[in-house]
J.: 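Have a look at this one before I ask anything.
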Amino acid sequence: MSGVLAAGSMYNLASSSHSEQVIEKDNRVCVSLPNKQLANKSLKVTSLEGKAYVNWTDTERRSAYQFLQKIVGVWKENKVAEQYLVYGKQEPGDQSFSWEVVPYYQSSNTIGRAWQQLSVLWRIIFGGTTRSESQMQQQSEEYQKIFTIFSSSLEEGAGVVGEDIRGNDAFCNAQVIDRQLVLEGREVNVLFNYAPIGFGGERLHFLIVPQKHKSKFSDLSESEYLEATKFAQNLMQHFTNARSIEDIYLLHKTGVDAGQTVPHWHLHLILSANKTQDFFGKLTVLKNMLIGSSPMKGEELTERVQSLKKELKHLDNKSN
C-alpha cells in the first residue's frame, strides 16, 4: 500500500458532497474518515471515481479488500477492536458507494452487546454522528500515524487462518447448504436466507458464503472475497433489471458483539422493493436482536430456493 497523506491533508472524494480527511489511498480506492460516523473511529473505503458498486472493477474490489484487511489489522495490532461490521448501502439514483468499517468492543454482558448493536442500527436509520473538527483532526492524525507504522504482508498473511479447518457451524453443514443453495461458485456459495429480513413481498435476502471454513473476515482469501463480491454485483444487476428495487444493502460482521451469529464469515445481500419494505426490514433487524429470527416454513423455503435457482441459473460460476 502506498500513497499515505500527511496529517490533516484533504482530498475531495468524488462520492462525497464535500471534502473528507483521507488516511491512505492508492490510484483506485481510498480510506477516509466519514463525515458522519456510525461509531467512533469508524472508517470509510471508497472508489476514487465515485461509482455505484455494480460498476466497481476487479482492480477496485481487490484494492478495497486490501484496505479492509489493513484496517482490521491496524485495529487489532493497536488494540482498537477485533470485532467489526463492514456496511454499505446502494440507493436508487446514487452513483456512489462506500463501505463503512465500524468497530465493536468486547462486552461483558448481553446488555452491553445489545446497546452497541442498537446504537449502530439507530445511526444507520437516522444518520451517523457528526463529530467536531478537532475530534476528526485528532482521529486523522492518530490513524495516519498507526497506518504508517503498521507492518503486515497481506499476501503472506491473509486467508491462512482456518484454511484447512473444517468447522461444525451451519455453513459447514452439507444439509444446510443443499437446502438453501441457489448458486455455486469455485470457492463460495450463494444461499437464500432461511429467515429473510423484511416483511411482505419476496424478501430478497442472500448469504454469500465461502465453501471452506473461514470464521472471520481476516481469514478470507483475496480470491474468495473477489468471487463473493462478484456474485453480489451480478445479483444486484440482475434484480435491478428484473424487479423494482428501492435500496440494496451489503454487509458482513466479525464477532458476536458485532452481531455475528454463525462463526463462519458470510456476506449479506439484502434488496428492498420499496420504502415500506425497507422500513419493516429495519424493524425485523431490531426484532431479531431482541427475540430472535423467524425462519420460513420448510415447504415455503424449498419452493423459494428452487424458483431462485431456476431464475439465476445463468449466474452460476462453478464451471466458468
Side-chain angles (χ1 to χ4, degrees), residues 37-43 68-69 71-89 99-125 128 157-163 165-173 176-177 180 188-189 191 193-197 205-221 224-225 228 249-270 281-295:
Q37 295 175 304
L38 293 177
N40 187 38
K41 295 191 176 181
S42 68
L43 288 168
L68 290 169
Q69 289 285 9
I71 289 168
V72 300
V74 165
W75 281 354
K76 181 177 180 180
E77 187 170 280
N78 290 273
K79 303 186 186 306
V80 174
E82 293 189 38
Q83 303 182 82
Y84 42 87
L85 163 71
V86 181
Y87 168 84
K89 179 182 180 182
W99 295 108
E100 185 163 348
V101 196
V102 185
Y104 282 74
Y105 309 104
Q106 186 171 357
S107 301
S108 58
N109 53 62
T110 55
I111 294 175
R113 180 176 302 148
W115 178 252
Q116 279 196 91
Q117 293 178 23
L118 287 170
S119 296
V120 173
L121 178 61
W122 177 271
R123 295 184 192 114
I124 286 173
I125 297 171
V160 172
V161 179
E163 185 74 25
I165 297 174
R166 186 69 179 175
N168 58 3
D169 58 86
F171 297 146
C172 286
N173 185 318
V176 171
I177 300 301
Q180 297 176 230
V188 304
N189 293 321
L191 312 180
N193 194 351
Y194 80 107
I197 287 173
H205 184 173
F206 300 92
L207 307 172
I208 306 175
V209 184
Q211 294 166 4
K212 293 181 178 179
H213 180 74
K214 303 295 175 76
S215 62
K216 53 187 181 294
F217 174 67
S218 57
D219 295 342
L220 201 67
S221 70
E224 288 168 325
Y225 179 82
Y249 297 89
L250 285 161
L251 60 104
H252 56 91
K253 307 168 185 177
T254 288
V256 293
D257 290 290
Q260 184 181 16
T261 55
V262 179
H264 188 131
W265 183 89
H266 52 285
L267 175 66
H268 291 259
L269 171 64
I270 306 164
K282 293 180 174 68
L283 291 184
T284 303
V285 173
L286 177 60
K287 187 269 294 181
N288 291 350
M289 288 180 185
L290 298 175
I291 62 174
S293 59
S294 302

J.: Got a second to check how far I177's CD1 is from L191's CG, nearest 0.5 Å?
T.: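 Those atoms lie 4.5 Å apart.
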J.: Between the side chain of N109 and the main-chain N/O of I111, is any donor-acceptor distance below 3.5 Å?
T.: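 Such a contact is found between N109 side chain and I111 backbone.
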J.: Is there a side-chain contact between Y249 and I197 in this structure, where contact means two heavy atoms from C-beta onward sitting under 4.5 Å apart?
T.: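 Sidechains of I197 and Y249: no contact.
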J.: Carefully, step by step, assess D257 and Y105 under the rule side-chain contact (heavy atoms from CB on, under 4.5 Å).
T.: CA-CA 7 Å; D257 290 290; Y105 309 104; over 6 Å; no
J.: Are R113 and Y104 close enough that some pair of their side-chain heavy atoms sits under 4.5 Å apart?
T.: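 No, too far: nothing below the 4.5 Å cut-off.
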J.: Is it the case that atom NZ in K41 sees more than 12 heavy atoms from other parts of the structure closer than 6.0 Å?
T.: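 Result for NZ/K41: open.
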J.: Is there side-chain contact between T254 and V72, with heavy atoms separated by less than 4.5 Å?
T.: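 Side-chain contact under 4.5 Å: no.
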J.: Using ring pair (Phe, Tyr, Trp, His ring centres under 6.0 Å) as the criterion, list what pairs up with W122, not counting sequence neighbours.
T.: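 Scan of W122 (ring pair (Phe, Tyr, Trp, His ring centres under 6.0 Å), adjacent residues dropped) gives F126.
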J.: Could you measure the distance from the CD atom of E82 to the OG atom of S218? Nearest 0.5 Å is fine.
T.: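 Rounded to the nearest 0.5 Å, the CD-OG separation comes to 8.5 Å.
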J.: Does any part of the side chain of V120, heavy atoms only, come nearer than 4.5 Å to the side chain of Y87, both counted from C-beta?
T.: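 When only atoms from C-beta onward are counted, V120 and Y87 do not touch, as no gap falls below 4.5 Å.
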J.: Any side-chain heavy atom of Y84 within less than 4.5 Å of one from I71?
T.: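 In short, these two side chains do not touch, never coming nearer than 4.5 Å.
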J.: Step through it carefully: locate the ring centre of H252, locate the ring centre of H266, and say whether they are under 6.0 Å apart.
T.: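 Distance test on ring centres: not under 6.0 Å, no.
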J.: Answer whether the closest heavy-atom distance between the side chains of P210 and L220 falls below 4.5 Å.
T.: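 Result yes, sub-4.5 Å side-chain heavy-atom pair found.
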J.: L43 and E100: side-chain contact (heavy atoms from CB on, under 4.5 Å), yes or no, with the steps?
T.: CA-CA 6 Å; L43 288 168; E100 185 163 348; over 6 Å; no
J.: Kindly indicate whether the side chain of V101, heavy atoms from C-beta on, has any atom under 4.5 Å from the side chain of L68.
T.: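 Yes; the side chains approach each other to less than 4.5 Å.
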J.: When you compare the side chain of Q83 with that of K216, does any pair of heavy atoms fall below 4.5 Å?
T.: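 When only atoms from C-beta onward are counted, Q83 and K216 do not touch, as no gap falls below 4.5 Å.
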J.: Is it the case that atom CZ in F217 sees more than 12 heavy atoms from other parts of the structure closer than 6.0 Å?
T.: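 Yes.
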